[in-house]
Amino acid sequence: MSDVTLRDVRKSFGVVEIIKGVDLDIKSGEFVVFVGPSGCGKSTLLRMIAGLETITAGELDIGGNRMNEVDPSQRGIAMVFQSYALYPHMTVRENMGFALRFAGLPKAEIRKQVDEAARILELEPLMDRKPKALSGGQRQRVAIGRAIVRHPKVFLFDEPLSNLDAELRVHMRIEIAKLHRDLGATIIYVTHDQVEAMTLADKIVVLRSGIVEQVGAPLELYDNPANLFVAGFIGSPKMNFLKGVVEGGGAGRADIRLPDFGGAVVPVALKGEAPAAGAPVTLGIRPSQFTESGDAALPVTVDMMEHLGAETLIYARSSASDLVTIASQSRPDIRLGDTLTARFPSSGALLFGADGKRIY
Amino acid sequence: MTSYGLKQRLSSVAVYIFLGVMAFLSIFPFLWMIIGATNTTSDIIKGKMSFGEALVVNATTFFTQVDAPLIFWNSAKITIIATVLTLLISSLAGYGFEIFASRFREKLYTLMLLTLMIPFAALMIPLFMLMKQFGLINTHLAVVLPTVASAFIIFYFRQSTKAFPHELRDAARVDGLKEWQIFFLIYMPVMRSTYAAAFIIVFMTAWNSYLWPLIVLQSNDMKTITLVISSLGSAYYPDYGAVMIGTVLATIPTLFVFFAMQRQFVEGMLGSVK
Ligand SMILES: Nc1ncnc2c1ncn2[C@@H]1O[C@H](COP(=O)(O)OP(=O)(O)OP(=O)(O)O)[C@@H](O)[C@H]1O
Ligand SMILES: [Mg+2]
């Protein structure tokens, strides 16, 4: 059992509250990713789970035991740091075996464990080098190896790939996914990177200013964001947000007028009742949802284009100068300054209230 | 040749001349000391600048007037104890000042730095009275104690600790190390070039220290090499040849330490952690 449970966990530095009551259930073997803007408290929350920061209030359980006051080394966790934090005066082998040596394991046992981890991570030829003589990717693997040899119940990663170049990052991402599959351990992983979060996570936790905005599987967050923040944070390029006003509707449907787009009216499918007429709302459409066959139409002027090869990003403006991003799979024959009609299926649009919450 | 090339040539010539003069100024006293060790007192006073034949005579005089093994042992003992204690205590303090936040940290630190401005002359008498109260006059402990918490070395360690990665401490805590183990097993080895640079500074200061030992060490069998050389030089008929021999001998340990640790010294001055 290596469930991790947080109950109304809070953290203050002096008078400033950084983590403002987080509840979280992480099941054994789950890969959980914390995402959120810089400074929202991802690292702080991770360090609280590790025991590197004290918990101001609330309760942290790992494997069913309260961990608030337990020493980091006794929590059954291992951590991989952004800067790798390898001991520069020790060889790779010493670095990996250090925690075991400290736990008082016999030499032969340490050697066995370290060799096993080295084999998994293909570090065998590097065992007698110092960290200084390793490349970034190799250091990263040693840092992971140092975590593996401890056989932790929970692995904690704080932006482990952010110091690597793009190609190596993709490679290490796949390695980490493989590692999770092979070891079956619980992993909590902090990242800035959308793609890392979407590809690695069983469950994404979106944080903002010390509050959990939404928890869910990657595609669930992508398809069904609970509020404007999550909708804007998950997915790249970012979701388009169009200002609108409720014009009418009823059960299962709301007609939204978009004053900035020449007063176009879009019928949006809802589960519940439409909001009162005249209420200000926000319409969310992902750039990739625009298609030729859509029933809703927005008149726009092309401002900028980016050809990415597989897709083309068109940045267009409404007459009121609202920016809309359109991702096209084809290579449309248009030029800057052209006016065009952007079409999207109204069934795919999401509706958000004035408070930022999703209207279902 | 372009005027730009000429200008560069001229400026590099100027640089070499400047460096040459500076090198001469710093080497000259050494040279004079070594030459002096081979000349008689009267030649030294005349300012003779070539090697003479009085080396053996001077050495004999020095070793008959001075109980060299005892005096060197006194110096070595004081220097080694002072160096080890200063490095340990001052690095602990510098590390603590940088790592552990507290409400009074910066105030305390500023106060400590302010003590650097108090001239030693102003501290001499109160310090002497303090040592007297503890009954430490004419002991080597009295020489060592006032130096072990060195504001300058604490400052130096705090500055260097800024480059010590915090994540190393975190990694060590996750690996199960206690605070004191982090200091001895991680911090010390990682910062070894800082220690090397501090070692040279503290060692030289302790070995060469004169005024304070002069005040607290009163009997001849307790004195250090610097005190003895100076008393030789201030005799009624000073034998400068013997003084020079003593000075040469007294310089050897510092030269040895410096050359042995030169590389780490430079690294330490530039910053330990890269
Ligand atoms: N020891 C500390 N003392 C005071 N404030 C702190 C301390 N550590 C972190 N903070 C503050 O807590 C907030 C959250 O920091 P944290 O490092 O958790 O953010 P983050 O989400 O990891 O950001 P990033 O994505 O940039 O790494 C920040 O505003 C930071 O200034
Ligand atoms: Mg962070």
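Here is the naming used below: chain letters follow the sequence lines, and residue numbers restart at 1 for every chain. Note that these values count all heavy atoms, side chains included, but never hydrogens, waters or copies made by symmetry.
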Take Y156(B) and T194(B) through the test side-chain hydrogen bond (donor to acceptor under 3.5 Å, both in side chains) and record every step on the way to the result.
CA-CA 9 Å; Y156(B) 175 57; T194(B) 302; 4.7 Å; no
Answer yes or no: are there more than 12 heavy-atom neighbours, outside E59(A) itself, under 6.0 Å from its atom CD?
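Counting neighbours around CD of E59(A), more than 12 heavy atoms of other residues, nucleotides or ligands fall under 6.0 Å, so yes.
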Counting only non-hydrogen atoms closer than 4.5 Å, does [X] touch chain B with its backbone (N, CA, C, O), its side chain (CB onward), both, or neither?
X	answer
R146(A)	side chain
R150(A)	side chain
Y87(A)	both
Q74(A)	neither
L86(A)	backbone

Can you tell me how far apart CG (L52(A)) and CZ (R173(B)) are? Round to the nearest 0.5 Å.
5.0 Å
Pair count under 4.5 Å, heavy atoms only, with chain B: among H89(A), Q82(A), K132(A), highest is H89(A)
Relative to each other, are the rings of W207(B) and F203(B) parallel, tilted or perpendicular (30° and 60° limits)?
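Geometry flag for F203(B) against W207(B): parallel rings.
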Is the F155(B) ring parallel, tilted or perpendicular to the Y109(B) ring (thresholds 30°, 60°)?
parallel
